[in-house]
Amino acid sequence: MNGNEGGTPQLELRGITKAYPGCLANDHIDLKIMPGEIHALLGENGAGKSTLVKTIYGVLQADEGEIIWAGSPVTIPNPHTARKIGIGMVFQHFSLFEAMTVTENIALGMSGRQDMKILERDIIEVSNSYGLPLEPNRQVHTLSVGEKQRIEIVRCLLQKPKLLIMDEPTSVLTPQEAEKMFETLRRLSGEGVSILYISHKLDEIKELCHKATILRGGKYISECDPTKETAKSLAEMMIGTNLRAPEHHETANGGPIRLKVRDLSIDADVEFGVNLNAINFDVRSGEIFGIAGVAGNGQIELLSALSGETICRNPDTIMLDGKPIGRLGPNPRRDLGLAFVPEDRLGHGSVPEMLLTENAFLSGYSRMALLNGGFINNSSTAEYASEIVKEFDVRTPGIHHTASSLSGGNLQKFIVGREVLQKPGILIVAHPTWGVDAGAAAFIHQTLIDLAEAGAAVLVVSQDLDELFAISDRIAVIAEGRLSVGRELNEITIEEIGLLMGGTHGMGETAGAADVA
Amino acid sequence: MKLRGPPMLLKIEKRAEYSKTMVYLTPIIALVLTVLSSIVLFESLGVNPIEALYQFFIAPLDTKYEFSELFVKATPLILCAIGLSVGFRANVWNIGAEGQLTMGAIVGSSLFIYFPETDSIFLLPAMIVMGALGGAAWAAIPAFFKTRFNANEILTSLMLVYVALLILSLLIHGPWRDPAGFNFPESETFSDSASMPILISGTRMHFGTLMALLAVFGAWIMMARTLIGFQVKVIGEAPRAGGYAGFSRKKIIWFTLLFAGALSGIAGLSEVSGPIGQVVPSISPGYGFTAIIVAFLGRLHPVGIFFAGLLMALTYLGGETAQINLGLPVAVTGVFQGMVLFFLLACDVLVHYRFRLNIARKVTSQ
């Protein structure tokens, strides 16, 4: 069996094959995880990682192949069985009921009846000990993406699993929180829990994982020891070609201010929303301004105020090229050259069940003049959609397919492309590469940089610090509805940003001082 | 390789994209299933199913007059269903078309009731406009409560149906009763200038049918080619994407309810000014409710609604024929309509899902 460990693997997969109509998502995949091993599963979007882990978790059934659990072959017909034999999973896309509380959601995901009082106490205990703060009685729809993910993680940990599957768990955490989470995972590993860890962050995998299995295009490529590989070599195995880092341009300090935000304060309109507190910043022409922060610290509110989905009380609060736009809705702002890429690709940035042509029309009809005397101009809309698909390398069988038929990375390229082709003076992008594969991420980063170099002002809100450091000129941090002062990239370290991200919990005075300064 | 699958062989699988074929095929499958179930139904009622189906679907179309009756019945159904379908596309669940129809009939006919001597050619057009306004005003109530207090329009619009019916009853048993009508709860018979022109002499087919056709074409163009139609679809499919694009959800709620109210109001006025010819206590045999089935059977698409409206009209006529010739209860019509909607909703799963036999097989990757 496994030469260097010699024991019985906790989980072994042999020849797992799963076909979808028209594509082979998993093609005879083998995998072996020892007890206590942290095993990375690496691959681009569409490489078959999700299909494979869903098979392990019983969400999908393999067409062929065997699953061997602690030495004996098993059938896992559903997640309930998976949980019963000790498999826990944290999904990349959450399966939560928005209208229910945190506790109710966790109770639903567990087998059998739950005593809500005891469960609530357990949740607080587990979430505190693993550094994943949660308020058990909050309704899920009021939570940010990051907080929702914490629910999923805590839900798994409550069940004391023998194998924990984690699909990109750290993408919404601060470096300090991620570090704390690694400690948690290492502790679990020490306790004999196996962990199957999916992530795009190669440094993270190198730091944390003992083994890595690499998938590409549904096929098993290789198993390696990530500590002995470089991030670059891992990435190249993953995408099968040589990777090019985004070219960073010279900082353009001299550009005129295009977006100016002064004293932006907004009281949240939903319960448990974050109030924005006197936010000030400028974005200059030719500059990429990054806003870092843990999810749920006011990003949603800030983005919505900037896009015009929330209207400000005072028009002068937001100035676009010297014009007050605070009281304008999204369309007039777009006409003035402000474009916006929201965080949620499906349902916010696009209508999932509508065609790509219609989704091109969605935000482009005014600026691209796709209306002809009140009627939709189908031919110019189709032209625009084709142009997006072509220029931004969107892999799709055609523009007359729905947005939901595209993979995450391709849809993101489509949405970014749709906004960039409108030649915006200022582009606001939320989490540009969340859940996007390395190839598409590099492409999107380069697009943003090119746009800035062409004279636009670009504002990127992201939780991915590596991303912000790779493309931004200046970075500010949002914590609890307050924004720190923007600092030049060379004046600030990841550690400092991490502390600011902790907000008033960790560095209250510094954050406050920075805010005043 | 060993097959390790679930014991069941048939499985339901989500399609990568919704099936266009199935969108068109499911109404037909639903109808076939309805016919099959009704054979069982007729058999158990002791009626020869072939004979019953003949009486239901063929006999009502025997003569030119009976064929024209199909359009008479379909007119209010199509008008109401077109209005409702636009709302349904926007996730606005107005189920009160019956009340809006009644209100349209009341407000529209008030012109004749209070100015019975007028013989202006503008009387009927004015009545049509008033009918539309009456229906729209009735639909404005749920729109106001929905946008102001987030009250569920399903409940408010449905409850207002009964209010409208009671107002009609109040008027017709009181001030609007024909003094020369031997105390029957009926208004005066409408004068010629207050009545819908007949399209084909010898039949009851009237101008309302043309208005229904106009509504079909108008709604078709609106939904397929105009910005407001696009907004309706986006707000229905993904409200947040609508907000992102700068579309106002409140505006769409108001628009769809007023639009449906106006068309239902015109439908009501066409009934009293057309086939009925006076205001009576029951203007509609539930057209406003059957229109919900018509809207869904027609896939919320105007052209589909046109055909679905004719089909549902046929069930009304067939129900009458079957009642007369076979002695079947009138409830058979309702059972029929219910089965169509039931099977349609059940078959709709095929649009997004497919059934597949779970057999181990090789699939080559592309």
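Side chains included, hydrogens not; waters and symmetry mates left out as well; all remaining heavy atoms used.
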CZ/B:Arg299: more than 12 non-hydrogen atoms of other groups inside 6.0 Å: yes
Any donor-acceptor N or O pair under 3.5 Å, side chains A:Thr51, A:Asn26: no
For chain A, which residues of residues 254-266 of chain B have heavy atoms nearer than 4.5 angstrom: none
Polar contact flag, side-chain donor to acceptor under 3.5 angstrom, A:Gln422-A:Ser363: yes
A:Arg334 to B:Tyr244, cation-pi by 6.0 Å centre distance and 45° axis angle: yes
Contact winner vs chain B - A:Pro342, A:Ser404, A:Gly329, heavy-atom pairs under 4.5 Å: A:Pro342
Region of A:Ser350 in contact with chain B, defined by heavy-atom distances below 4.5 Å: backbone
Residues A:Asp27, A:Lys18; criterion side chain to side chain contact (heavy atoms under 4.5 Å, CB included); working and verdict: CA-CA 7 Å; A:Asp27 188 1; A:Lys18 174 77 188 175; over 6 Å; no
Option that, when pairs with chain B are counted at under 4.5 Å, heavy atom only, ranks first among A:Gly364, A:Pro330, A:Ser307: A:Pro330
Check: A:Asn410/A:Ser407 side-chain N/O donor and acceptor closer than 3.5 Å: yes
Atom group of A:Leu362 that falls short of 4.5 Å from chain B, counting heavy atoms: both
Residue-level interface, residues 225-240 of chain B with chain A, non-hydrogen cut-off under 4.5 Å: B:Arg225, B:Thr226, B:Leu227, B:Phe230, B:Lys233, B:Val234, B:Glu237, B:Ala238, B:Arg240
A:Ser379 side chain to A:Asn377 side chain, donor-acceptor N/O pair below 3.5 angstrom: yes
Approximate separation, where rounding is to 0.5 Å, of B:Leu77 CG and B:Ile292 CD1: 11.5 Å
For A:Ile67, the option from A:Leu11, A:Leu31, A:Thr75 that meets side-chain contact (heavy atoms from CB on, under 4.5 Å): A:Leu11
Reported CG-to-CG distance for the pair B:Leu311 and B:Leu31, which is rounded to 0.5 angstrom: 5.5 Å
Sub-4.5 Å side-chain heavy-atom contact between A:Pro332 and A:Ile325: no
When A:Asn78, A:Leu370, A:Asn331, A:Leu346 are compared by non-hydrogen pairs under 4.5 Å with chain B, the top option: A:Asn331
Toward chain B, the part of A:Pro352 with a non-hydrogen atom under 4.5 Å: side chain
A:His400-A:Glu358 side chain donor-acceptor pair, cut-off 3.5 Å: no
